[in-house]
Amino acid sequence: DQVLTLLITKCLSQWTLAAADMLFGTADDATHVYHVVSGLFRYSLNMYPSTPASNGNGHDTVITLQKSSSFELGSDKNGDGSLDEERDRSTIRPGDWLSEPGLWAPWSHLADAQAISEAQLVLLDVNVFAESMRADNFVWYLMSQYCSHYLAWLNSMDAHELTDVSTPPRHLPLVQNFVDMSLQAQEDAWAFVTGGIS
């Protein structure tokens with residue numbers, strides 16, 4: 001399959017960082033999606049720029065956030081040292097992924113991400129990903145549908161909810177829902193084109 005070959009050979013790469021290495025900084029353009037394989041990162045908010053950024057539809061979006069030392073929405077709610085779903089989100093852990101919005105729209109990072117231990121990541125180049133998806137009409141339509149659902153969800157969020165970080169407990173159900181809706185849209189489109197003939 002041409003798309004899979006392009007993904008493996010052109011889109012994906014591996015990266016190893018030492019403790020204290022920066023992954024990205026606040027307001028850097030998102031060029032990759034990062035999947036954390038091993039290691040830990042600190043996700044620290046800084047002062048956000050309040051300049052408009054194009055959302056790709058010819059409209060400007062202004063997001064202004066406050067200065068903060070770290071992004072901590074969660075706490076030890078279980079009382080036994082373990083964190084529940086609302087875990088400390090200032091620490092990025094294995095299994096987390098970062099910068100998914102950059103796949104679907106121009107995106108600038110909202111905080112600094114710095115390794116606090118040696119870390120290994122798998123990187124997905126967002127520009128090559130977009131070009132690779134165009135190699136197959138079925139995949140392109142499916143990804144277009146996913147993009148539409150993802151951006152609708154992203155645009156429904158309040159500014160203080162926005163983050164570069166996706167965590168499995170919180171975001172995998174969303175991803176599955178977007179995939180299911182995209183597949184249904186694909187089936188509906190095929191049924192329309194074929195006149196309902198299976």
Side-chain angles (χ1 to χ4, degrees), residues 7 10-56 61-76 82-130 146-147 150-151 153-155 157-175 178:
L7 281 174
K10 304 283 187 189
C11 295
L12 297 173
S13 59
Q14 295 180 358
W15 199 15
T16 301
L17 295 176
D21 283 353
M22 292 297 295
L23 180 59
F24 54 72
T26 304
D28 289 349
D29 290 337
T31 58
H32 293 84
V33 174
Y34 306 93
H35 175 75
V36 181
V37 176
S38 65
L40 298 173
F41 290 84
R42 177 67 53 203
Y43 185 71
S44 303
L45 296 178
N46 291 309
M47 186 61 75
Y48 290 83
S50 59
T51 57
S54 175
N55 64 8
T61 304
V62 178
I63 299 173
T64 306
L65 298 174
Q66 299 178 17
K67 185 174 180 179
S68 176
S69 60
S70 64
F71 187 54
E72 305 208 24
L73 297 181
S75 62
D76 174 11
S82 64
L83 295 172
D84 66 357
E85 280 187 16
E86 293 299 316
R87 67 176 170 89
D88 171 10
R89 293 193 201 142
S90 66
T91 302
I92 301 165
R93 296 173 169 78
D96 294 348
W97 66 98
L98 298 96
S99 312
E100 184 177 356
L103 275 180
W104 314 115
W107 183 260
S108 296
H109 294 296
L110 302 177
D112 294 339
Q114 183 176 26
I116 54 178
S117 67
E118 183 177 300
Q120 294 202 345
L121 303 113
V122 173
L123 283 65
L124 175 66
D125 184 301
V126 298
N127 293 317
V128 179
F129 174 82
Y146 183 99
C147 174
Y150 185 91
L151 291 178
W153 168 75
L154 193 67
N155 287 327
M157 297 177 72
D158 291 333
H160 72 277
E161 297 176 299
L162 295 172
T163 178
D164 298 291
V165 182
S166 299
T167 61
R170 188 166 183 228
H171 293 97
L172 278 180
L174 285 169
V175 169
F178 298 156

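Nothing here was measured: the structure is a model prediction, and the numbers come from that model. Nothing fancy with the numbering, it's 1 onward along the sequence.
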Asks: Taking all non-hydrogen atoms of both residues, which atom of V165 and which atom of H171 are closest, and how far apart?
Replies: O-CE1, 3.6 Å
Asks: What I'd like to find out is whether the side chain of L154 reaches to under 4.5 Å of the side chain of L162, using heavy atoms alone.
Replies: yes
Asks: Checking Q114 side chain against A20 main chain: does a donor-acceptor pair fall under 3.5 Å?
Replies: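 Yes, Q114 side chain to A20 backbone: donor-acceptor pair under 3.5 Å.
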Asks: Distance check, rounded to the nearest 0.5 Å: T31 atom OG1 versus W107 atom CH2?
Replies: 14.5 Å
Asks: Mind checking the NE2-CZ spacing from H32 to F129? Nearest 0.5 Å is all I need.
Replies: 13.0 Å
Asks: If you compare all heavy atoms of P94 against all heavy atoms of S38, which two are closest, and at what distance to 0.1 Å?
Replies: CG-CA, 3.9 Å
Asks: Heavy atoms, side chains only, cut-off 4.5 Å: are V33 and V126 in contact?
Replies: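 Side chain of V33 against side chain of V126, heavy atoms only: contact under 4.5 Å found.
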Asks: In the structure I gave you, are the side-chain heavy atoms of F24 and S99 within less than 4.5 Å of one another anywhere?
Replies: yes
Asks: In Å, rounded to the nearest 0.5 Å, how long is the span from CZ of R93 to OG1 of T91?
Replies: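 Separation between the atoms: 5.0 Å.
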Asks: Which heavy-atom pair separates D112 from G25 by the least distance, and what is that distance?
Replies: OD1-CA, 3.2 Å
Asks: Within the 4.5 Å heavy-atom criterion, are E118 and T16 side-chain neighbours or not?
Replies: yes
Asks: What are the two closest heavy atoms between A18 and A115, and how far apart are they?
Replies: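 So the minimum-distance heavy-atom pair works out to O-CB, 3.4 Å.
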Asks: Can you check whether E161's main-chain N or O pairs, donor with acceptor, with D158's side chain at less than 3.5 Å?
Replies: no
Asks: Which heavy atom of P173 sits nearest a heavy atom of P168, and at what distance?
Replies: CD-O, 3.7 Å
Asks: Side-chain contact, heavy-atom cut-off 4.5 Å: L124 with L103?
Replies: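 SC-SC contact between L124 and L103 confirmed.
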Asks: So, applying side chain to side chain donor-acceptor pair (under 3.5 Å) with H109, which one of D29, D28, D164, T26 is it?
Replies: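 Option passing the side chain to side chain donor-acceptor pair (under 3.5 Å) with H109: D164.
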Asks: Run the side-chain contact (heavy atoms from CB on, under 4.5 Å) check on V175 and W97 step by step: do they pass?
Replies: CA-CA 12 Å; V175 169; W97 66 98; 4.1 Å; yes
Asks: Under 3.5 Å, is there a donor-acceptor pair between the side chain of D96 and the main chain of I92?
Replies: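 Not confirmed, D96 side chain does not pair with I92 backbone.
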Asks: So how far is it from F41 CZ to S117 OG, rounded to the nearest 0.5 Å?
Replies: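 Reported to 0.5 Å precision, the distance equals 7.5 Å.
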Asks: Is V122 close to L12 at the side-chain level, that is, under 4.5 Å between some pair of heavy atoms?
Replies: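 Yes, at least one pair of side-chain atoms sits under 4.5 Å.
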Asks: Taking the side chain as every heavy atom from C-beta outward, state whether L151 and Y146 have any atom pair closer than 4.5 Å.
Replies: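 With C-beta onward as the side chain, the pair stays apart.
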Asks: Quick one: pull up NE2 in H35 and CG in L121 and give me the separation to the nearest 0.5 Å.
Replies: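 Separation between the atoms: 9.0 Å.
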Asks: Kindly compute the distance separating CH2 (W104) from OH (Y150), expressed to the nearest 0.5 Å.
Replies: 9.0 Å
